[in-house]
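Presented below is the structure to which this report refers.
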Amino acid sequence: MSKDMKELPGTPVSGKELKSDKIITFEWRPNAKYAWSAGIAYGRYLDELKEGRIIGRRCSRCKRIIVPPRMFCEQCFVATDEWVYCKDTGTVNTFSLSYLDADANRIKEPILVAVIDIDGASPGVGILHLLGNVDPKKIDVGMKVKAVWKPPEEREGAVTDILYWEPMED
Amino acid sequence: MSFDKIRDPRKIRHQIGDMECDYIYTAGVAGERFYIALRDEEKLLATRCEKCNITFMPPRLYCDNCFTELASFMEVPSKGVIESYTITYFDRDGQALPEPEILAFVKIDKTDGGLIHRIGEIKPESLKIGSKVTAVFEAKKERKGALTDIKYFKPA
Amino acid sequence: MNIRKRVAVIGAGITLYRRRLKESGKELSFYAANMALESAGMSRNEIDSVVMGTAPDAFDGIHMKSENLLDGAGATQKPYTHVYVGGGTGVFAPIGGWWHIASGMHDTCLVVCEEKMSPCFPHPQTAFRSIWDPIISRPLNPNLVWIFALEMHRYMKVHGIPKEHIAQVAVKNKGNALDHPSAQLAAKITVDDVLNSEIMVYPVNRLDISPPSDGAAALILASEDVARKYTDAPVWLDGVGWSLDSAYWTNRDLYFPQYVAKAAKMAYKMAKINDPPQEVSFAEPYDPFTYKELHHMEGLLLAEKGQAPKLTVEGVTARDGDLPICPSGGLLGVGNPIAAAGLMKCCEAFWQLRDEAGKRQVPKAETGVCQAWGDLMQVGTVCVFKRDS
Ligand SMILES: [Zn+2]
Ligand SMILES: [Zn+2]
């Protein structure tokens, strides 16, 4: 392979060339719109978030309390059978500081991202969310945090009804 | 629980979104030769596999039968024969078109392929499968290196 | 297990890997497939079936892109299969080929992987927006790098791994890639270069990340009896394994990839490997990010949990070390046209096990392991290749 592979097929194109009329290009925007229904478990989860509560489901086979809730336990593969309220406090399981937005554009102030293990759910059961009202340098794995909710009248039944999680007072 | 009667998904707990990507596609190596000839010279280019006796229109870089690279491009006439056609009365969002459009598969002369394109300068009732048609090009300054550099095919 | 035919690899092909290539996806597929056929001394009519692997259609921006690519992959009027497990696809595609041949259904199978990430604007990252759960994750506006950063940080924290040790992976792989003719980001860099490069999503710096790329790769598989007609030096695909974990990734501990370990155990058992670190001569674990190579070495049971960084710092994983890891240069050096990047690793195993890897050649290469990973930290795909003896 090595001796044949000096000249490999492929014609590199720079960003500048792409915009010139030397290169023929075609542009397209799909423009598809979606309305994803939340389903049964997430539907209730979002309804409860609107009320300022976090709810999970319990599997009576493995005894786990899982958040985000689902109508089935993916480990036991049986239907979960009970709604259980959890607390709006938790522990940082892992975190990162994002200097990129969703389109990979650079941003100055980092978005504080974390997996937060929820109090009242089984150990190691967490959700993806944001941290706030904290010096990024002081965030650590194991830190206790508490949800900061939107005012009730602004909530819409979405995970963003929690604005972010902030450190708990000692 | 049945939601059969709900036609609008926004009537149940939902999240709205879209897929925001834009795309810029390159035409590829063979595509680029084809579109540049169309734009700059009002010419249709094809590639030919001598071994399989196939002339590809639009041109391809490879013969998908014997799988050899096709390096040489040849000019073919910008005319052909209607192999099949359809008349469309609606656009793709279901809106009525002001004038019905005729779309045809035009087999290009001296090739084994053809182009899907519009047919113009003819009334739908006079259309026939087997009719000879010839390409009508956009004015040079309007041409962009795309299939729409041919405005339509008209009866020859 | 009832495997009817032993499966050989008898040819491989690859294109340049670059941020943007002029060739269409079909044309890239053709070049890779045709090179693989030529290297096996075969023509398309000697191929019984074709397996295509591609990652999300949203990169090429062609919905049902495998159908679009079909003729370029040499599959016109043949049994054709498209396989897909996100980033794990590149090592899953040869597994798809293996099914055809090991089952006795076909004697030859052409496996092609293609990716063109360049059409997607403003950045290929944008296409990743739509892989997130639309109810519980997308409203937070996540970037794909988040999950890597979160997983990396958990891995570092659990084992107390310093970032300098992880950065060593970029130094090694970009250096190895200097000898790979397809390479997009081959470079001689230092640990400090990595640590001082822009912070993208802490703890991930720019040089910890593989680039978006265009490219294609191909492999030819054949049953044992047919393989011998074409070559005296077949490479054996003696073990395959794959496993997927649940999509509820925030409900499991990210420090260790259980699904990779499950896939590896399945493949090792099939290949009769009992002591992976002793019996594997080199490995190509999936390295879209620096820490991923280490995380996957542990998932592949080639290092004890938390020990892969140490092996890297000690030079054990260098091309002339005791256990060379990513001698190709990996995704960090060669590039990351997603599915084609995984298959590039299998091409590397083929060339290594035929002593055709040129300057990249690993001494005494007898057994090579390739692995890919993907989706929401869910997929492990593993192939074990052996030299003919
Ligand atoms: Zn359970
Ligand atoms: Zn031919």
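Proteins get letters first, then strands, A, B, ... in listed order; numbering begins at 1 in each.
A side-chain donor-acceptor contact under 3.5 Å links Thr231(C) and Arg354(C). Between the side chains of Tyr31(C) and Glu69(B), a donor-acceptor pair is found at a separation under 3.5 Å.
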Apply side chain to side chain contact (heavy atoms under 4.5 Å, CB included) to the pair Phe137(B) and Ser78(B), showing each step before the final yes or no.
CA-CA 10 Å; Phe137(B) 285 84; Ser78(B) 52; 4.0 Å; yes
One pair to check against side chain to side chain contact (heavy atoms under 4.5 Å, CB included): Ile47(C) and Leu37(C). What are the steps and the verdict?
CA-CA 9 Å; Ile47(C) 293 294; Leu37(C) 285 166; 3.7 Å; yes
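In this structure, Phe289(C) and Phe148(C) have parallel ring planes: the angle between them is below the 30° cut-off, well short of the 60° mark. Between Phe67(B) and Phe30(C), the ring planes lie perpendicular to each other; the angle is over 60°, past the 30° to 60° tilted range.
If you measure heavy-atom distances from Ala73(C) to chain B, the contacts under 4.5 Å come from the backbone alone. The contact between Phe59(C) and chain B is made entirely by backbone atoms, counting heavy-atom distances below 4.5 Å. Heavy atoms closer than 4.5 Å to chain B are found nowhere in Pro124(C), neither backbone nor side chain. Interface remark: Thr126(C) contributes backbone and side-chain atoms alike to the contact with chain B (heavy atom separation under 4.5 Å).
Residues Lys116(C) and Tyr25(B) fail the side-chain proximity criterion, which asks for heavy atoms closer than 4.5 Å. Side-chain contact between Val112(C) and Val51(C): absent, with no pair of heavy atoms (C-beta onward) separated by less than 4.5 Å. By the 4.5 Å heavy-atom criterion applied to side chains, Asn143(C) and Arg129(C) are not counted as neighbours.
A salt bridge links Asp60(C) with Lys65(C): the distance from a Lys NZ or Arg NE/NH1/NH2 to an Asp or Glu carboxylate oxygen falls below 4.0 Å. Look at Asp71(C) and Lys26(C) and you find a salt bridge, because one of the NZ, NE, NH1 or NH2 atoms lies within 4.0 Å of a carboxylate O, short of that distance.
Between chain B and the residues Ser24(C), Gly61(C), Gly25(C), Ala58(C), the most heavy-atom pairs under 4.5 angstrom are made by Gly61(C). Contacts with chain B were tallied for Glu23(C), Lys22(C), Arg20(C), Arg138(C); Lys22(C) has the most, counting heavy-atom pairs under 4.5 Å. Of the residues considered (Cys66(B), Ala27(B), Cys21(B)), Cys21(B) shows the highest number of contacts with chain C, using heavy-atom pairs under 4.5 Å. If you tally non-hydrogen atom pairs under 4.5 Å between each of Ala127(C), Ala33(C), Gly74(C) and chain B, the highest count goes to Gly74(C). The most heavy-atom pairs under 4.5 Å with chain B, out of Pro139(C), Ser130(C), Cys120(C), Pro122(C), come from Cys120(C).
The aromatic ring centroids of Phe56(B) and Phe73(B) lie 6.0 Å or more from each other.
Inspection of non-hydrogen atoms places no residue of residues 94-123 of chain B under 4.5 Å from chain C. Scanning residues 30-52 of chain B against chain C with a 4.5 Å non-hydrogen threshold yields Ala30(B), Gly31(B), Glu32(B), sorted by number.
The CG atom of Leu343(C) sits 4.5 Å away from atom SG of Cys347(C), with the distance rounded to the nearest 0.5 Å. Between the CG atom of Asn141(C) and the CH2 atom of Trp146(C) there is a distance of 7.0 Å, given to the nearest 0.5 Å.
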